[in-house]
> 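Could you have a look at this structure, given as structure tokens, before my questions?
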Amino acid sequence: MGIKAAELLVHTLIEEGVEIIFGIPGGAVLEIFDAIYHHRDKLKFVLTRHEQGAAHEADGYARSTGKVGVCMATSGPGSTNLVTGLAAAMMDSSSVVAITGQVATPFIGRDAFQETDTTGVTMPITKHNFLAMSAEELPRIIKEAFYIARTGRRGPVLVDIPRDVSRTELDEDFPIPKEVSLRSYKVTLRGHPLMVKRAAEMIANCSKPTLYIGGGVIASGASDGVRELAERCNIPVVYTLMAKGAFPDNHPLCLGMGGMHGTVAANMALNTCDLLICIGARFDDRITGNPKEFAKVSKKIHIDIDPAEVGKNVKVDVPIVGDAKAVLQQLLENLQPKRHDSWLEQVMDWKRNYPLTYDRSSELLKPQYVVEVTAKLTNNSAIVVTDVGQNQMWAAQYYPCSRPRQFISSGGLGTMGFGFPASIGAQFGNPDKLVVAFVGDGGFQMTMYELATAVLHSLPIKVIIFNNFFLGMVKQWQDLFFGGRHSATMLHGNPDFVKVAEAFGAIGFRVQKPEELQPTLERALEVNDKPCIIDCWVDPNEHVYPMIPAGGTIKDLILPPQFRHKKQELLEQVAAAHAAAA
Amino acid sequence: MANERKDYELHTLSVLVENRPGVLARIAGLFRRRGFNIESLSVSTTDDPTVSRMTIVVGGDDATIEQITKQLNKLIDVIKVQDHTGEDVVERELSLIKVSCEPEQRSEILNLVTIFRASIVDVGANTMMIEITGTEDKINAMLELLRPYGILEVARTGKVILARGSKTT
Ligand SMILES: Cc1ncc(C[n+]2csc(CCOP(=O)(O)OP(=O)(O)O)c2C)c(N)n1
């Protein structure tokens, strides 16, 4: 009696600790699905309604748990439907393994039914991919795929398996390799001691330091290290969208998010500090605007596990390649407590005088208010998943987070349609936690079919729709930069989202006035066996502020209307800091 | 044009890769999507059948070359990348050159071939084919001298290099 490769594949997955797989079957993966059927007690399979949903669900599961998320699809259209999800996982360095079926090996390259060159298509959007041409190599490939996905700079890995390979019989005792050894893949964890020493000296000698932390802090589990460094040396902290939650929002040293829609305090600190300590971030253009002008007068330390990120967008003075957690530990061994009273005073002034703000007296339902009330009613402790657009920025600005993996959003790719399925993955990974998804009316419609999945599995996700009847973020750019010409941004023909919810067997609520919000949310929060859609009709003309337009500098900062008259004051402070440094 | 910039320089990278299907596509794809320019590329297996060597000549300023090296290193199938520019290496390229040649011109061309230590590998009624090995400059010089006769076809391999002495490439 032999064992089929498909069966061995499932054994390997279980050995890798996989508990759940998201996906859709098809001709090329039938053998694998049959093996999954036999192991359904150990391996849960979640049938999604579209493979894009499966990929985002695996991604949301991975981001919220720190484990590897797994999705599965058949050849051809199944695998091409995964593409957006893999690209999103790639841009945000998320540990996803995708397993796809392929036409049988004799048919490869002959345009067979449902043949797509899946490894070719996904080459630039995966960390690595494999085409398993024989059953014998399959267990090794699967082990390598998981190893690559969850080590170093994390990322998605795809394994393409021809149907005849999964059907091949191997010896019953065909071994699954215990260890992975890849001569061409080595990860540097500890930073170069000389560089660490230099960084420590710079920190000891600076007077206006700022920490700029990114998703790498969460991936490496370095939050405690960041906190220790910030507190010991009194360094204010700016985070990227990907690092929200890595440093508590309510911490006195936290300045909030930096970049395009970052806080005034964060962007002022970035642009006037004399030492920028970047950890696990990559100087993305949503943070830097014009990279030549960004943090122009500061010395820069860059700690990153990916050597290619160091020096890619911005020149740095001290590059440290290594794992954030390990390097922070090394750095802390070299650092004495330190104070920067006048700098902190300055930073606190910005924090106090330029808080995030909106018109609280409006009779219209303000989206920021929706986030604030949700945060209050959920004790700031829900897992918050966002879609892309204004909803994403308001959630990032107004929902205070305090733990890593609490805030999940498609940053690098900015994938509309990510939020809702990612929240499903997060809820599967965290059955005991409350999961809230903030989505726009545009983006929700891209993947709302996943309501079927959420209802089937009784997931009590709270989906809060910012229904502004527009592709809001694009409308905002049209308002600001295109004379208010709303070319193709009004969402004529939106469905009735309450009825949509009901049609799928979820619960729908509608909120049209500010006073309806709290009681409705309270009712929704009591539901624990079904998804709830809370359709909030928010002010369609609200904009996200502050804003530094794409490619701009702090000089181009657009403040909220409440502070617009104070911009000159800020620019003078920037000019003074630059002059002092020169 | 990038190559008119003053800090633009050609670099010769020696890249050891896993000898697996698709590796060339990964490398070519990387160059294409990141906007790097390949001037020449040669690929062959090494004495270890599981390892191939690619010798890639690329142009760019220092920062670009650094990015190329790092991005190549990031590919899982890449084992080692070394930039040998300015180092003590032997570099060679092979070229086949077909020139038009009337019978009475044969001895002239033969003289050139001797000077360049090249060899004649085919003689037709009105053609000659020359095989020459050497540095890029040497081959270019030979081509210039042959041009007046009428060059009919040229095939050049990319450059290959090895470090001199006991140093590895
Ligand atoms: C898949 C995809 N298509 C298009 C875009 C471009 N885009 C960015 S934000 C946005 C508008 C989003 O509108 P909506 O989902 O209603 O959210 P809002 O901004 O109103 O909160 C669009 C179209 C995108 N990011 N992703």
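Bear in mind the structure is a predicted one, so any value in this text is a computation, not a measurement. Below, chains carry the letters A, B, ... as their sequence lines are ordered, and counting in each starts from 1.
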> Hey, is the main chain of Ser94(A) close enough, under 3.5 Å, to the side chain of Asp92(A) for a donor-acceptor pair?
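Side chain of Asp92(A) to backbone of Ser94(A): no pair is present.
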> Has the side chain of Thr135(B) got a donor or acceptor atom that lies under 3.5 Å from a matching backbone atom of Lys138(B)?
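Confirmed, Thr135(B) side chain pairs with Lys138(B) backbone.
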> Rounded to the nearest 0.5 Å, how far apart are CG of Leu24(B) and CG of Leu41(B)?
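Between atom CG of Leu24(B) and atom CG of Leu41(B) there are 6.0 Å.
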> Looking only at atom types and distance, does a side-chain atom of Ser410(A) sit under 3.5 Å from a main-chain N or O of Thr415(A), one as donor and one as acceptor?
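Indeed, once roles are kept as given, a pair shorter than 3.5 Å links the two residues.
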> Between Ser95(A) and Arg150(A), does a side-chain hydrogen bond (donor to acceptor under 3.5 Å, both in side chains) hold up when you go through it step by step?
CA-CA 5 Å; Ser95(A) 303; Arg150(A) 68 169 137 69; over 6 Å; no
> Considering only heavy atoms and a distance below 4.5 Å, find which of Ala308(A), Gly120(A), Gly311(A), Pro307(A) pairs most often with chain B.
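When all of Ala308(A), Gly120(A), Gly311(A), Pro307(A) are compared, Ala308(A) has the most.
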> Give, as side chain, backbone, both or neither, the part of Ala25(B) having an atom under 4.5 angstrom from any heavy atom of chain A.
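Answer is both: backbone and side chain atoms of Ala25(B) are under 4.5 Å from chain A.
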> When only heavy atoms count and the cut-off is under 4.5 Å, which of residues 48-56 of chain B reach chain A?
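From residues 48-56 of chain B, the residues near chain A are Asp48(B), Thr50(B), Val51(B).
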> Quick test of your reading of the model: are Glu93(B) and Arg156(B) salt-bridged, counting only N-O distances below 4.0 Å?
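Answer for the salt bridge query: yes.
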> Are there residues of residues 127-136 of chain A whose heavy atoms fall under 4.5 Å of chain B's heavy atoms? If so, which?
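Residues in range: Lys127(A), His128(A), Asn129(A).
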> Can you confirm whether the side chains of Tyr149(B) and Glu108(B) place a donor and an acceptor under 3.5 Å from each other?
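On atom types as modelled, these side chains qualify, holding a pair under 3.5 Å.
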> Give the C-alpha distance, both sets of side-chain angles, the deciding distance and a yes or no for side-chain hydrogen bond (donor to acceptor under 3.5 Å, both in side chains) between Asp285(A) and Thr288(A).
CA-CA 5 Å; Asp285(A) 55 85; Thr288(A) 64; over 6 Å; no
> Taking all non-hydrogen atoms of both residues into account, name the closest pair between Met128(B) and Ile120(B) and its distance.
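Closest heavy-atom pair between Met128(B) and Ile120(B): CE-CD1, 3.7 Å.
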> Can a salt bridge be assigned to the pair Arg282(A) and Asp284(A) using a cut-off of 4.0 Å between side-chain N and carboxylate O?
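Yes, charged N to carboxylate O under 4.0 Å.
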> As an exercise: rank Asp306(A), Thr119(A), Leu182(A) by heavy-atom pairs under 4.5 Å with chain B and give me the winner.
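Heavy-atom pairs under 4.5 Å are most numerous for Asp306(A).
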> Please name the pair of heavy atoms, one in Val97(A) and one in Ala149(A), separated by the smallest distance, quoted to 0.1 Å.
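Closest approach of Val97(A) to Ala149(A): CG2-CB, 3.9 Å.
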> Taking side chain as everything from C-beta outward and backbone as N, CA, C, O, which of these in Arg26(B) sits under 4.5 Å from a heavy atom of chain A? Side chain, backbone, both or neither.
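Both the backbone and the side chain of Arg26(B) come within 4.5 Å of chain A.
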